[in-house]
*Asks:* 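Mind having a look at this structure? Questions to follow.
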There are 2 protein chains.
Amino acid sequence: MTGKKDATSHEHSACPMDSLLKLLMGPWTTYILWLLRSQGPQRFGELKAGMPGISSKVLTERLRMLEGANLIHRDYKPTVPPAVTYSLTPRGAELKDVLLGLNELAQRWHAEDMRMEA
Amino acid sequence: MTGKKDATSHEHSACPMDSLLKLLMGPWTTYILWLLRSQGPQRFGELKAGMPGISSKVLTERLRMLEGANLIHRDYKPTVPPAVTYSLTPRGAELKDVLLGLNELAQRWHAEDMRMEA
DNA sequence: AAAAGTAGGTTCCGAATAGTAACTAAAGGA
DNA sequence: TCCTTTAGTTACTATTCGGAACCTACTTTT
């Protein structure tokens, strides 16, 4: 994906960044990745509890999508009741710097906003 | 936002990362930030053209939201027709490393996937 | 004079999607 | 027998998104 000065820059369909941004665009996606990164492998119910407002339906769908994109791994144990644990794949784990960077910014901006208020 | 071992970790409402993830969660948000970062200040129409599939309505709404969050700046010139230019604020520009990191990952993964296919 | 063009939206409507609540399967326990 | 557990699944409602038409205020073209 080159700068706008390049006449061919409108042919973005195969642009890697375009694909990744589209992948992360869905609701709760980055949130899921952050939870798995910061809190480690988690069960379905734990993830759901960590994201107030998300429905089982959407969590399921997001997790399937991320699994399909090879960013997370789903470990299903056929117990009763079933025990399904989700974790980051090696590829998913490569998002570490990005996620930690976001966290740092979040904390810095929060601190700045607190100072502005006082 | 502490690890899951902390009993108080469920009180996330004021967690900076929670707020930032919620902010970026809306459709096309990161995409807009990426376009402004990679291609510099842009007019409404340029942004829209750079994101096939987004509606004027949603682009407007996202831009207003990002402006409200002080991540982008809106420069309105009352010409006829009007010329409105959007750019990253200093705070928005701090997302540089995160966005560049995503881009690097995107390209690396794309290259890996190409190798897997061959 | 009327029509068309420009840019950044705004409005309307149907399609798509997210959220809520109820339900399911299978085994174990009270 | 009923209840509990977990990870979903289903049905329905509410919300949101995309496409298309429209609006504003001028300027240019037909």
Side-chain angles (χ1 to χ4, degrees), chain A residues 4 10 12-13 18 21-36 39-69 71-88, chain B residues 4 10 12-13 18 21-36 39-69 71-88:
Chain A
K4 67 181 178 182
H10 291 142
H12 294 310
S13 338
D18 185 76
L21 288 172
K22 291 280 178 62
L23 186 80
L24 298 176
M25 196 187 287
W28 302 101
T29 310
T30 311
Y31 212 120
I32 291 167
L33 294 167
W34 170 249
L35 283 190
L36 291 177
Q39 307 186 6
Q42 282 176 75
R43 304 271 287 275
F44 184 92
E46 289 176 304
L47 279 169
K48 189 160 183 289
M51 293 182 285
I54 192 172
S55 62
S56 294
K57 192 189 72 172
V58 168
L59 180 54
T60 298
E61 194 258 339
R62 294 283 94 200
L63 290 170
R64 290 288 152 79
M65 185 277 294
L66 286 170
E67 188 187 3
L71 292 188
I72 66 170
H73 173 66
R74 178 173 178 274
D75 180 62
Y76 177 88
K77 291 220 162 30
T79 54
V80 173
V84 185
T85 305
Y86 295 89
S87 56
L88 291 176
Chain B
K4 66 180 177 182
H10 291 143
H12 294 309
S13 336
D18 186 77
L21 288 173
K22 291 280 178 62
L23 186 80
L24 298 175
M25 195 187 288
W28 302 100
T29 310
T30 311
Y31 212 118
I32 291 167
L33 294 167
W34 169 249
L35 284 190
L36 290 178
Q39 307 188 9
Q42 282 176 75
R43 305 271 289 275
F44 184 92
E46 290 176 303
L47 279 169
K48 191 162 184 291
M51 293 183 285
I54 191 172
S55 63
S56 295
K57 190 191 71 172
V58 168
L59 179 53
T60 298
E61 196 256 341
R62 294 284 93 199
L63 289 170
R64 291 286 152 82
M65 185 276 294
L66 285 170
E67 188 187 5
L71 292 187
I72 66 171
H73 173 66
R74 177 173 179 271
D75 181 61
Y76 177 88
K77 290 218 162 35
T79 53
V80 173
V84 186
T85 305
Y86 294 90
S87 56
L88 290 175

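Within every chain, numbering begins at 1; the chains are lettered A, B, ... in the order of the sequence lines, protein sequences first and strands thereafter.
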*Asks:* Walk along nucleotides 21-30 of chain D from 5' to 3' and tag each nucleotide B, S or - by protein heavy-atom contact under 4.0 Å, base first, then sugar-phosphate.
*Replies:* ----BB----
*Asks:* Starting at atom CG of A:Leu59, determine the distance to atom C1' of D:dT10, rounded to an integer number of angstrom.
*Replies:*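 Rounding to the nearest Å, CG of A:Leu59 and C1' of D:dT10 are 17 Å apart.
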*Asks:* Expressed in angstrom and rounded to an integer, what is the separation of A:Gln42 atom CD from D:dA7 atom P?
*Replies:*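 It is 11 Å, rounded to the nearest whole Å.
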*Asks:* Measuring from A:Trp28:CH2 to A:Leu35:CG, what's the distance to the nearest 0.5 Å?
*Replies:*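 So the CH2 of A:Trp28 and the CG of A:Leu35 are separated by 9.5 Å.
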*Asks:* For A:Ser87 versus A:Leu36, what's the shortest heavy-atom pair and its separation?
*Replies:*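 That would be C-CD1, 4.2 Å.
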*Asks:* Between B:Pro52 and B:Ala49, what is the shortest heavy-atom contact and its length?
*Replies:*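 What the structure gives for the nearest pair is CD-O, 3.9 Å.
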*Asks:* Provide the closest heavy-atom pair for A:Lys48 versus A:Ile54 in the form atom of the first, atom of the second, distance.
*Replies:*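 For A:Lys48 and A:Ile54, the tightest heavy-atom pair comes out as CE-O, 3.9 Å.
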*Asks:* Measuring only between side-chain heavy atoms, which start at C-beta, is A:Met25 closer than 4.5 Å to B:Thr30?
*Replies:*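 No - every pair of side-chain heavy atoms lies 4.5 Å or more apart.
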*Asks:* Using a 3.5 Å cut-off and no angle test, enumerate the donor-acceptor pairs between side-chain atoms of residues 71-86 of chain A and protein atoms at least two apart in sequence or in another chain.
*Replies:*
residue, atom, partner, partner atom, Å
A:Arg74, NE, A:Tyr86, OH, 3.2
A:Asp75, OD2, A:Lys77, NZ, 3.0
A:Thr79, OG1, A:Lys77, O, 3.4
A:Thr79, OG1, A:Pro81, O, 2.6
A:Thr79, OG1, A:Ala83, N, 3.3

*Asks:* Check whether any side-chain nitrogen or oxygen of A:Arg43 sits under 4.0 Å from OP1 or OP2 of D:dG8, and answer yes or no.
*Replies:*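 For D:dG8, neither OP1 nor OP2 has a side-chain N or O of A:Arg43 closer than 4.0 Å.
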*Asks:* Within the sub-3.5 Å range, which N or O atoms of nucleotides 12-18 of chain D have a protein N or O partner, and how far apart are they?
*Replies:*
residue, atom, partner, partner atom, Å
D:dG18, OP1, B:Trp28, NE1, 3.0
D:dG18, OP1, B:Gly53, O, 3.3
D:dG18, O5', B:Gly53, O, 3.4
D:dG18, O6, B:Lys57, NZ, 3.1

*Asks:* From the 5' end of DNA chain C to its 3' end, which nucleotides mark the outer limits of contact with chain A, defined by a 4.0 Å heavy-atom distance cut-off (strictly under)?
*Replies:*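 So the contact region on DNA chain C extends C:dA18 to C:dA27.
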*Asks:* Would you be so kind as to tabulate the donor-acceptor pairs closer than 3.5 Å made by side chains of residues 55-68 of chain A, with sequence neighbours excluded?
*Replies:*
residue, atom, partner, partner atom, Å
A:Ser55, OG, A:Val58, N, 3.1
A:Thr60, OG1, A:Ser56, O, 2.8
A:Arg62, NH1, A:Thr29, OG1, 2.9

*Asks:* How would you list all residue pairs meeting salt bridge (charged side-chain N to carboxylate O under 4.0 Å, His left out) that involve residues 22-32 of chain B, not counting sequence neighbours?
*Replies:*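 For residues 22-32 of chain B: B:Asp18-B:Lys22.
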*Asks:* Is a side-chain N or O of B:Glu46 found less than 3.5 angstrom from the main chain of B:Arg43, in a donor-acceptor match?
*Replies:*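 A pair under 3.5 Å: yes.
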*Asks:* For a quick test of reading the model: is some side-chain N or O of A:Arg74 closer than 4.0 Å to OP1 or OP2 of D:dA7?
*Replies:*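 So the side chain of A:Arg74 is outside the cut-off, no N or O lying under 4.0 Å from OP1 or OP2 of D:dA7.
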*Asks:* Taking only Watson-Crick and G-U wobble pairs with both distances under 3.5 Å, what dot-bracket line describes DNA chain C, where [ ] shows pairs that cross earlier ones and | shows pairs with another strand?
*Replies:* ||||||||||||||||||||||||||||||
